[in-house]
Every structure is written in structure tokens, then in C-alpha cells.
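Worth saying up front: this structure is predicted, and the values here are computed from it rather than measured. Letters A, B, ... mirror the listed sequences (proteins, then strands); counts begin at 1.
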Number of protein chains: 2
Amino acid sequence: MSISTVSRVINNTAQVAPEKREAVLNAMKELNFRPNSFAQALVSKRSNCIGVLVGDLCGGPFFAQMMLGIEQVVDRVNKFSIVITGNHDEHRERHAIDTLLQRQCDALILHSMALPDEELAELVKRDTPVVFVNRLVKGAEDRSIWFDNAEGCRVAVRHLVEQGHSRIAFITSDDQSFVDAQQRFAGYRQGLQDAGLPFDESLVVKAYPDEVGGHVAVKELLDRKAEFTAFVGYNDAMAAGAISYLLENGIQVPGQVSAIGFDDIPYVRFIHPKLSTIRYPIEKMGEQAAELAVRLLDNKPVDGLRLKFEPELIERNSVKTR
Amino acid sequence: MSISTVSRVINNTAQVAPEKREAVLNAMKELNFRPNSFAQALVSKRSNCIGVLVGDLCGGPFFAQMMLGIEQVVDRVNKFSIVITGNHDEHRERHAIDTLLQRQCDALILHSMALPDEELAELVKRDTPVVFVNRLVKGAEDRSIWFDNAEGCRVAVRHLVEQGHSRIAFITSDDQSFVDAQQRFAGYRQGLQDAGLPFDESLVVKAYPDEVGGHVAVKELLDRKAEFTAFVGYNDAMAAGAISYLLENGIQVPGQVSAIGFDDIPYVRFIHPKLSTIRYPIEKMGEQAAELAVRLLDNKPVDGLRLKFEPELIERNSVKTR
DNA sequence: CTGTTAGCGCCTTCAT
DNA sequence: ATGAAGGCGCTAACAG
């Protein structure tokens, strides 16, 4: 029997005599045969792989959740994701995208934190579909799945104001080159302005955006003798770290200081006090990004997909209500 | 100029006239040319990919940390990791391994939770190198990077006993089909036995091994009116969830109940009280697994690699000391 | 329904 | 130092 017959049964691409079909299937089992995916990809021009660029896999649960959303749909359409980390670095991100492209990925889902909009927008002109997640890329708005960061911080501040706070600190990232950081900062200022509150530089502290950074930052705030009755954290990790430090130093949360985080990562509802936060629906966003990518590469219509995501305030116990 | 000349400059595989070399390089830039990795892989029989099977990417920081260790070395040797999740399910794990193999991965790093030892041991007989991480596979001891789970729980119990506890509960996973769970349970019993303490069935509760499960489990313990002054958690997540529940219900930790976790995931030093735990050096283990895989596929000597990892007690504030 | 043929894009002898 | 030719394993027409 010829080699094409085999190909036919493997791909179900034409009618084959049931007996031969059986024979092939049996032989495949016996010999433990697996078609060489590279040969397949070479001729079919389809790798069945979707390339994913993420910031990191270990800087918290954030990306992991995004990946979960992505994998769900990639899995559903029987494709594969090959993920690579850019480590928030411009050169590495560029190199990663290059690699993904060279690997003949059928589509790309990019979470770029360091590359400029123009460069990213260029990418969509190529022939492999590209989708951006977690960022609104100018010039590629229809390919961007994004979250309104500024609005998120604004909502957080508003909530605090509603609870009677007027001295609201902002514990943020020391790397303001990321759009996220800039936007959240802008939202904080906007929130203050909305409430007719003055912006006070001495109430903002910057540190590495993780739990330790939160520790460091709030300590700095205390050292400065800044007067504040509440703070909003750049992310939950910083907020958790800050709370931990306050508690250690006998400052009650939310008794003396109210706290509100950002992201709603899973564990913050298990810390004490449970952290109020702004939900960032990252898993859903990953899902939508993947969905968009998949439709793009299948030339299917892309309407009905949500591109912009809105913040939602999650009230738990870290804010003293009045 | 011929196509083989181009190949030669790309791979640096033979001397080429400097001028031609230049010309090729320039043309590559101009045309934005990238060699087709599938064609390369097809002929060279090397994909430069290392396949990784993990339980999940989102069930906590555990796997993410493992991936970090793996990626570090994979990156160093200029290879690629393609990761796939098995979701702790036998069939899915089997299918995942199949896929990885079909993808012509140069080597496999497997974190299998559900497949039996025999099946795993069979894999190493194939021609692509296979390494197991986080599990001691019988028949493939020299390919297993593992952690002494039983000893970990034993150490935990011993520590609690040393602090004067004798009523020590065990909050564990409801899926005892995983080796980890069995081993940790065995360690708990061993620890009791070491101390001459009786094993009391009413002190062990099972639930889904995450924060919510910890909640549920400790509630069950309370509902049973079990008397206990300490517990060891199957993992940090469960311990954190349990503590959260206790605190909510006015039970002081560690005042009335001491707690000890397992894994030492990053966030537990920021919860209140800071969680004492058994460190599981998962990142390092990922690193070693990758190192082993890389050496194997390069036919390099594999000595000097650490295969077995030992538990280490991390004392923080969740255990009342006397 | 089935076998034959022609590549997919690249690397690797083998001559030159 | 360079070009020509063969083949990696597979799929997709094209004939029967």
C-alpha cells in the first residue's frame, strides 16, 4: 500500500477502503508511529502553534492566570501554545517576537511591556496575525485587548473618598516606564481631582512592585511621617506587603489605615484583613485575546469580541467603612 | 550565488569568502529573512525544543517557579521550552506526552502526577531523553529529581511536638491518588509515631488542596469538635485558607492553634501571622531537571547533579513556641 | 478508491 | 571556496 493512502487515513482527507484503513491504524499502533510534525508543518504551512509572549511566569499569579485563559481556547481549537518570556525588557521582547515568528507560529499573542507602540503596530502588517493583550496599542486598536487602568485607580480613590478618607497615599511601582504604571498613577491623580483633593507628592512612594516592595514603600511613608489614613496599592502584592508591615508595627488595618489593592489575585481574599481591590479580569482577557487570534488566523469574523475591559471594585475588609 | 553558500553562512559551517558572506548577511537584513525552523528541524533532526509537562500553570505559584528554574537553563543553552499542561489527569498527561514526542522535542521534562511508574519508566527506553521532576520514578531513579515529601511532614510534626503539641491535625488533599499526598500523609503518621503519639483518624480532614479547601477542611474539623492545638497543612495554600477561617471565627493563630504549611510559596511570609512552613526548593529542582535533560541530549556526563532534595523547616510566626 | 509525482525549505555530501 | 544533487517526512494534485 502506498504512502499516500497512509496519509489519507491519518488526515481523514479522502475515502479509504475500510480494510486498508484498519490495517494502517493497526500498524500505527504497533509501530508506535507518529507523523513528524515538522514535515507536516513544512508542507502545509501550518504549525498549529500560537506564540505567546508574556512578561514572566513567576512574578505572581497574574500571567499564570492569563495563560489559563489563553490555553483554554487554544486547547479547544486543538492548537498549541508556545510561550516565551520577555522579562519586561525591550531587547528580549524583540528577540522573543523574532523567535516566535521564525518558529512559524500561526498567530502571535503578545503581552509586550517594553516595546513602543509604533514597533508593535508595524507587526500587524505582516502576514501572521498578531494580537496584543493587556495593552492598547495605538495604530492597532482592533487588535488590542486592554483594561482601563486609569479608571481602576480612579474608582479605588473614589471609594476611599466615599468612606471619608482625604489623606490617601499611593504605593506604586518604581518603574514608571510601563504604561500600566503611568496610567494607574494618572488615575490616582484624577481620582483626587474628582474629589477636589490636592495632590500631595509626599503621599506617593515607589518601590519594586511585589510584596517586599510594599514593605519597603510603606516603611518609607512612615519614615517620612506622612499623614495618611488610607492607601491604594499599585497591585495586590504591594498592598499585601504594605499591610503586613503595618500590622507588624502595630498599626491596625483597617482600623488606622485602610488599604485597597489592584488586580484581585487569588490569594488576597485569604490574607487578614481580606483585601479590597480592583478586579482585573486577566483570565477573561487572555481568553478573548486567544479567541481573537484564532479567528484571525482562520479568517473568521471577529465581531462580538470584547476588547476593552472595565474595572470592578471588590469590597472586602481592608477598608474601614463609615 | 548558490543556496548552499547561504546555508553555510547562516550556520557558520564552512569557510565563505568574506565578501559573499557580507552580501548574504545584508540580504538577510533587507529581506527580513528567517530560516524556516521546520525545514531545519526536518533535516537536522533537531528541534531545539525541550518539552515540558506540568500539572497546571495556575494552581498556584508552584509550577510557575519550577518553570522559572527550567527556563533559566533552557535559555542558557539556547533552546526552547514548549510547555503543556496535564491537569493532573491520567489521559491528558498521556496525550500531552504523546504530543510532545510527536513534536520531535529533543528532550522531555515531565512532571507527571497521574501516570503510573511503569508507564513512565517505559518512556526512558525510547530514544528521546526523558527526565522526571518532582517524583521518584521506580525504574528510572537516575532520571528522577525528587523531594522527600514524607520526611517533610515528619519534620513538621516533630517541630510541633517539640513546641509541646500533642493534638496535631492534618489538613490534606482529597485526592490521595497522587504520590505526593500519600507520602505526606505517611510522613505525618511517621512523625506521630516517632513522638509516641497515637494516630487519630478524627484529626485528619481532606479537601481540595487550595485556599478554599483549607477553609472547608478546618471548618469540618471545628464542626467535628475535634480537639487540636496545631495542624500541618498539605500545602501552604490550604494552611493559609485554614488560618483565614480560624481568624474569622475568633480563633487565634498561633495563640490557640498553631499552623505549619508546606512548600514555602512566596506569599506566605506576607500573610498574618507569617506562615511557618517546610521549604520545597522547586525552582532549584526545575533547574536540575533541565540541566539533566540538557546533558542527556548532548551525551554529556551527568554526574554532580543533585537528584534528591531535602526538606528544610522555615520558622515564622504561625507556631506558638514555648 | 489508490498509486505516482512533485515539491515544502533546508542541510549535507560530493565534486569541482 | 563553491555549486549541484539528493533527501529529511509529509501533503496535494494528478492520473488511473
* Asked: Among the nucleotides C/dG9, C/dC11, D/dT2, which one has an atom lying closest to any side-chain atom of B/Q40?
  -> C/dC11
* Assign the ring pair B/F178 / B/H88 to parallel, tilted or perpendicular, where the plane angle (0 to 90°) is split at 30° and 60°. => perpendicular
* **Sub-4.5 Å side-chain heavy-atom contact between A/E93 and A/M113** => yes
* Options C/dC8, D/dG3, C/dT2, nucleotide nearest the side-chain atoms of B/M1 -> D/dG3
* For B/N11 and C/dG9, give me the distance from atom CG to atom P, rounded to whole Å. => 17 Å
* Under 4.0 Å: is that the gap between some side-chain N or O of B/T13 and OP1 or OP2 of C/dC11? -> no
* Asked: Of all the choices, C/dC11, D/dG9, C/dT2, which nucleotide is nearest to the side chain of A/A39 once you look at every atom?
  -> D/dG9
* Structure fact -> note: A/Q102, atom CD; C/dG9, atom C1'; distance rounded to Å ~ 12 Å
* Asked: When only distance counts, do a donor and an acceptor, one from the side chain of A/S4 and one from the base of C/dT4, lie under 3.5 Å apart?
  -> yes
* Who are the salt bridge (charged side-chain N to carboxylate O under 4.0 Å, His left out) partners of A/R76, not counting sequence neighbours? -> A/E291
* Between A/I10 (CD1) and D/dG9 (C1'), how many Å, whole number? -> 10 Å
* To do: Provide, to the nearest angstrom, the distance between the CG atom belonging to A/L42 and the C1' atom belonging to D/dC10.
  => 8 Å
* A/D148 side chain vs A/E310 backbone, donor-acceptor pair below 3.5 Å -> no
* Asked: Of the nucleotides D/dT2, C/dG9, C/dT12, which one has an atom closest to the side chain of B/S7?
  -> C/dT12
* B/I3 CD1 - D/dA1 P separation (whole Å) -> 21 Å
* To do: Round to a whole Å and report the spacing from NZ of A/K45 to P of D/dC10.
  => 17 Å
* Structure fact -> note: B/Q15, atom CD; C/dT12, atom C1'; distance rounded to Å ~ 17 Å
* Asked: Does any N or O donor sit under 3.5 Å from an N or O acceptor when you compare the side chain of A/R8 with the base of C/dG3?
  -> yes
* To do: Please determine, for the side chain of A/S2, which listed nucleotide (D/dT11, D/dA12, C/dG3) has the closest atom?
  => C/dG3
* Atom-to-atom span, NZ of B/K20 to C1' of D/dG3 - whole angstrom -> 9 Å
* Is a donor on one side and an acceptor on the other found under 3.5 Å between the side chain of B/R143 and the backbone of B/P129? -> no
